[in-house]
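So the structure is just underneath, and the comments pick up after that.
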Amino acid sequence: MEPFYLVVFGSLASLVAVLELSKTSKDRFSTSSAFNSFKNNYLVVYSLMMAGDWLQGPYVYYLYSHYGFGKGEIGHLFIAGFGSSMLFGTVVGSLADKRGRKRACVTYCITYILSCITKHSPQYKVLMLGRVLGGIATSLLFSAFESWLVAEHNKRGFDQQWLSITFAKAIFLGNGLMAILSGLFGNVLVDSLKLGPVAPFDAASCFLAIGIIIILSTWTENYGDPSENKDLLTQFKGAAAAIAADEKITLLGAIQSLFEGSMYTFVFLWTPALSPNDEDIPHGFIFATFMLSSMLGSSIASRLLAHPTPRVESYMQTVFMLSSMALLLPVVTNLLVAPSNLKGGSISFSGCIQLIGFCIFEACVGIFWPSIMKMRSQYIPEEARSTIMNFFRIPLNIFVCIALYNVKALPMTVMFGMCSAFLFVASLLQRRLMVIVEIHKSRSQDWLNMEEVDPEGVPLNG
């Protein structure tokens, strides 16, 4: 392996270690033992859930090609997954609010296990069914668990600020450390033990089954609006009305869709961007480097969220702008650096620059997740939390499906330029959100000041 990759990985690992070890009491909240027990229980479950997801990711495309399917057929399978999440996501989100978030989390595990089982069949229709089940499971993963956490946290009377701790740790462990360990474990199963490309899916099922046991034995149920007289259509209308009535929720949904749409498109673009001439790059090691970058971002987020300033609405503007610039690098290098026509070989100079930019983007992803979770916990009403969160995923899934369908028709620079533009727009929308929050805060303070003065203008507390 080339020294460049080791230097990048080692530098990121050192930064993460320094940030984590240098935290002082000012960078941490003073919490109770009851909260720490609750937080650790959730982190164990969330890490198992993410391990079940990350184990599958690197081997889905490989398994389909192992069964003899071409790029076109595999592309349709991927589109089916995102389409399923788009079509059924809002329905399962509403059922989670109505029937219980704990039950929805268990349903996620069962649905994903069934999806893993379908991977044993080389039949295209069975694999398509697996993608549909996987799309439903993804909707539950990114809504039911967070909804359960927020509701249970508030029900137990914990400080609202402490949610930031759980969010940051969940991303650090689930989206960072577990991704790296899952990638290494999957590599051992497939390459070292020669168990075949289905082995990671079987391992994922085992982790999900362990998660079911912990959820059923330690979690309590909570609901959004369990009213028996409200059907799904009424819940949809209520969620849509809540989004339309509060500009903060509308902006939050648009920001989330723009960022996540760019993020999922990046997942399909980074490999051809770094090896346009079939350069020999260590995909697994680069993936681990990206996840280490995400851990760095979540470590930075935990520090930012532990302090009252800067506010999350403020610093996220910078994060979106930085991520926009990072994904613009492939466009810039294509214009300024002469392309190489040599096939194979090691990574090019422009590829090295892009890899550093991609690591910066992944660090922004690590900051984004706990920060968007924090804002969602503040602005989304409890009674329709899962429903609204899955509403946000509809434009995201539409965008990703369109991008996947046209990935061959559009040049790489156009795709990256489009993602960069979306992230720039997200920064502008984040600016608007901050302005609205500041106006609301100012008006609330003025109202409190008015309440402290009697009708003759004499201070009541004086």
If only atom types and distance count, is the side chain of [X] paired as donor or acceptor with the main-chain N or O of [Y] below 3.5 Å?
{"X": "Ser139", "Y": "Ser85", "answer": "yes"}
{"X": "Ser299", "Y": "Met295", "answer": "no"}
{"X": "Arg385", "Y": "Asp97", "answer": "no"}
{"X": "Tyr67", "Y": "Tyr124", "answer": "no"}
{"X": "Ser37", "Y": "Ser33", "answer": "no"}
{"X": "Asn222", "Y": "Ala151", "answer": "no"}

*asked:* Can you tell me if Lys39 has over 12 outside heavy atoms packed within less than 6.0 Å of its NZ?
replied: yes
message = Taking atom CE as the centre, does Met321 end up with more than 12 heavy-atom neighbours from other residues, nucleotides or ligands that are less than 6.0 angstrom away?
response = yes
Checking side chain to side chain contact (heavy atoms under 4.5 Å, CB included) for the pair Ile436/Arg432: CA distance, chi angles, key distance, verdict? CA-CA 6 Å; Ile436 293 174; Arg432 172 61 182 169; 3.5 Å; yes
According to salt bridge (charged side-chain N to carboxylate O under 4.0 Å, His left out), who are the partners of [X], at least two apart in sequence or on a separate chain?
{"X": "Arg393", "result": "Glu260"}
{"X": "Arg103", "result": "none"}
{"X": "Lys374", "result": "none"}

Applying side chain to side chain contact (heavy atoms under 4.5 Å, CB included) to Phe82 and Leu396, what does each step give before you reach the verdict? CA-CA 9 Å; Phe82 286 104; Leu396 156 68; over 6 Å; no
task: Show the numbers, then the answer: is there a salt bridge (Lys or Arg N to Asp or Glu O under 4.0 Å) between Arg131 and Glu73?
output: CA-CA 13 Å; Arg131 290 299 299 174; Glu73 293 171 307; over 6 Å; no
Quick note, ring pair (Phe, Tyr, Trp, His ring centres under 6.0 Å) partners involving residues 374-402, not counting sequence neighbours, are Phe399-Phe422
So the side chain to side chain donor-acceptor pair (under 3.5 Å) pairs with at least one residue in residues 170-189 (sequence neighbours excluded) are Tyr46-Asn175
Side chain to side chain donor-acceptor pair (under 3.5 Å) pairs touching residues 419-430, sequence neighbours excluded, are Ser324-Ser420
For Met178 and Trp54, the nearest pair of non-hydrogen atoms, with its separation, is C-CD1, 4.3 Å
Nearest heavy-atom contact between Ala203 and Phe185 is CB-CE2, 3.9 Å
Does the side chain to side chain contact (heavy atoms under 4.5 Å, CB included) test come out yes or no for Lys102 and Trp148, once each step is laid out? CA-CA 7 Å; Lys102 172 185 174 181; Trp148 180 89; 4.3 Å; yes
* Could you give me the CA-CA distance, side-chain angles and deciding distance for Trp270 and Phe358, then say whether ring pair (Phe, Tyr, Trp, His ring centres under 6.0 Å) is met? => CA-CA 8 Å; Trp270 72 263; Phe358 293 165; 7.8 Å; no
Show, in sequence, the C-alpha distance, side-chain angles and deciding distance for Phe320 and Phe259, and conclude whether the ring pair (Phe, Tyr, Trp, His ring centres under 6.0 Å) test is met. CA-CA 8 Å; Phe320 290 136; Phe259 188 89; 5.6 Å; yes
The side-chain contact (heavy atoms from CB on, under 4.5 Å) partner of Ile110 among Val106, Ile113, Thr107 is Val106
Assess the residue pair Ser302 and Phe172 against the criterion (side chain to side chain contact (heavy atoms under 4.5 Å, CB included)); give the C-alpha distance rounded to whole Å, side-chain angles, the decisive distance to 0.1 Å, and a yes or no. CA-CA 9 Å; Ser302 68; Phe172 185 87; over 6 Å; no
Verdict with reasoning, Arg101 to Glu152, per salt bridge (Lys or Arg N to Asp or Glu O under 4.0 Å): CA-CA 10 Å; Arg101 279 74 176 268; Glu152 195 68 19; over 6 Å; no
